[in-house]
Amino acid sequence: MERTHVYRLVTALLTAGVVWAVFYLVPPAEGLGEKVRLAFFHIPVAWVSVLAFLLSAVWSLQYLRTRRIVYDWRSAAAAGLGFAFCILATVSGAVFAKLTWGAYWNWDPRQTTIFVLLLIYGAYLTLRTGIEDGEQRANVSAVYSLLASITVPFLVFIIPRYYYSLHPAPVINSAGRIDMDAVMVYVLMAAVAVCTAIFWQALEWLVEGRRRGEKAGVKEEWGS
Amino acid sequence: MRTNASSWLKAAFAVLRKDAVCEFRVRYGLTTLSMFAVITLATVSMGIAGAGLGSKLAASLLWIVLFFSAMAGLARSFVQEQESGTLLALRLYGGGQAVLFGKMAFNVLLLYIVTALIVPLYIVLLNVEVNGWLPFGAALLLGDTGIAAVATLTALIVARTGAKGALFPVITFPVLLPLFLAAVSATVRSLDGGGTPVVELLFMVCYDIVVVAAASLLFDCIWQD
């Protein structure tokens, strides 16, 4: 069996294991009850949408430094996947907000931040559709990706501290303390790891498809 | 290129003067921006027929008008050079940084002038009362600077896409959003007169500095290509 198939099989098995753990191992949380299970979906996808954004920016920088087109493919694939994960995080967050705060959307600082992230992904992907020449597109979108990434410190560090938020602090909060049941922490870590693995394999798959397309002489197989 | 600072400043100033002279001859940018702002303000003012707006609504409206006026006028920075075929000459004679800062200074000035024109209209038409003029003015100046700085780089990006004008606001707004939030919140506080919005203004200063630095670092990547 090929190595990628093994990886995929392992990821699928682990995903199944985590899903099982979320429903059978995790105890209902105080105050949240059964709703807490949604957090095991929400936190990993939100983490991946931020990770994908950072990776996309790093690969953009790599592209500008080395001018190797493969970095552009990686950056584009990370942005495309990040957009999908970001939508999942926004929707699951809105559902969570409806269940706990009583409204789907109220421009909580966290919601503002994730919304800006969605906008940036959207703008980046739209920009890519607007340029036809491959190298030109790689260059311009790399610059835009880096320009957009400078807003992240302002959004992530300044706005949530300055405006009052209802959103719970990250799991490992500023005090360095973990306010969670041990089982929950382990399952959450596993969920984050599995979600990252899914993202990574999808990324490799997209980049590999691109590479094969290039080899076979098929230009612009998926127009981004 | 970096031999001395004065020749660089001279080059940037030459670009600024060239743009100002072109603008003075045609007056296209200034009239478009101002008319766009007036139309938007008048539409809202007519629609609400003199009813008072809350300070939050009024502040957001001011920044929406400013942002979209800027979007209507500033896209031309590089598109117009491309259309008239002067982009190549500019690339040959001016260094990238000189062109960037010349254009940016021109855009900042243009926005300042437009702001000076529409703020009195805004106050009259929408019945707005400003309680803290100093923070209000500071917020406007800082906001305009940020908008112009980002718009100069994104205008070059748009010129590279083959002048797809609709892309301009789409790619500029996400980058400007943090500034936009701070500007609206500073404006609300200066309209209400509840003390100077120090945090917001500081945030805007930091943002402007970071954006100008980023534009300067990234500009050459597209300019030389």
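A, B, ... follow the sequence lines: proteins, then strands. Residue 1 opens every chain.
Note that the CG atom of A:Asp133 and the OG1 atom of B:Thr161 stand 12.5 Å from one another [nearest 0.5 Å].
For B:Leu167, the part lying under 4.5 angstrom from a heavy atom of chain A is the side chain only. Both the backbone and the side chain of B:Tyr207 come within less than 4.5 Å of a heavy atom of chain A. At a 4.5 Å heavy-atom cutoff, the contact between B:Leu153 and chain A is made by side-chain atoms alone.
Considering every non-hydrogen atom in both A:Ala148 and B:Val175, the closest pair reads CA-CG2, 4.3 Å. Pairing each heavy atom of B:Arg160 with each of A:Val140, the nearest pair is CB-CG2, 3.8 Å.
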Original post:
Could you go step by step and tell me if B:Leu177 and A:Thr151 meet the side chain to side chain contact (heavy atoms under 4.5 Å, CB included) rule?
Top reply: CA-CA 8 Å; B:Leu177 229 155; A:Thr151 60; over 6 Å; no
Subject >> From CA spacing to verdict: side chain to side chain contact (heavy atoms under 4.5 Å, CB included), B:Thr154, A:Leu147 >> reply: CA-CA 9 Å; B:Thr154 47; A:Leu147 178 70; 4.2 Å; yes
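In terms of non-hydrogen atom pairs under 4.5 Å with chain B, the most contact-rich of A:Ser141, A:Ala142, A:Gly130, A:Gly122 is A:Gly130. Looking only at heavy-atom pairs under 4.5 Å with chain B, the residue among A:Leu118, A:Ile120, A:Leu117 that has the most is A:Ile120.
Counting only heavy atoms from C-beta outward, the side chains of A:Asn139 and B:Cys221 approach each other to under 4.5 Å. Between A:Phe154 and B:Cys206, some side-chain heavy-atom pair lies under the 4.5 Å cut-off.
Enclosure of atom OH in B:Tyr112 by more than 12 non-hydrogen atoms of other residues, nucleotides or ligands within 6.0 angstrom is indicated. The neighbour count for B:Glu129 CD, taken as heavy atoms of other residues, nucleotides or ligands under 6.0 Å away, does not exceed 12. The local environment of CH2 in A:Trp205 is sparse, with at most 12 non-hydrogen atoms from other residues, nucleotides or ligands closer than 6.0 Å.
Applying the side chain to side chain contact (heavy atoms under 4.5 Å, CB included) test to A:Leu14 and every residue at least two apart in sequence or in another chain returns A:Val10, A:Val194.
For the pair A:Tyr144 (side chain) and B:Ile171 (backbone), a donor-acceptor distance under 3.5 Å is present.
Contact annotation for residues 57-65 of chain A against chain B (heavy-atom separation below 4.5 Å, listed by residue number): A:Leu64.
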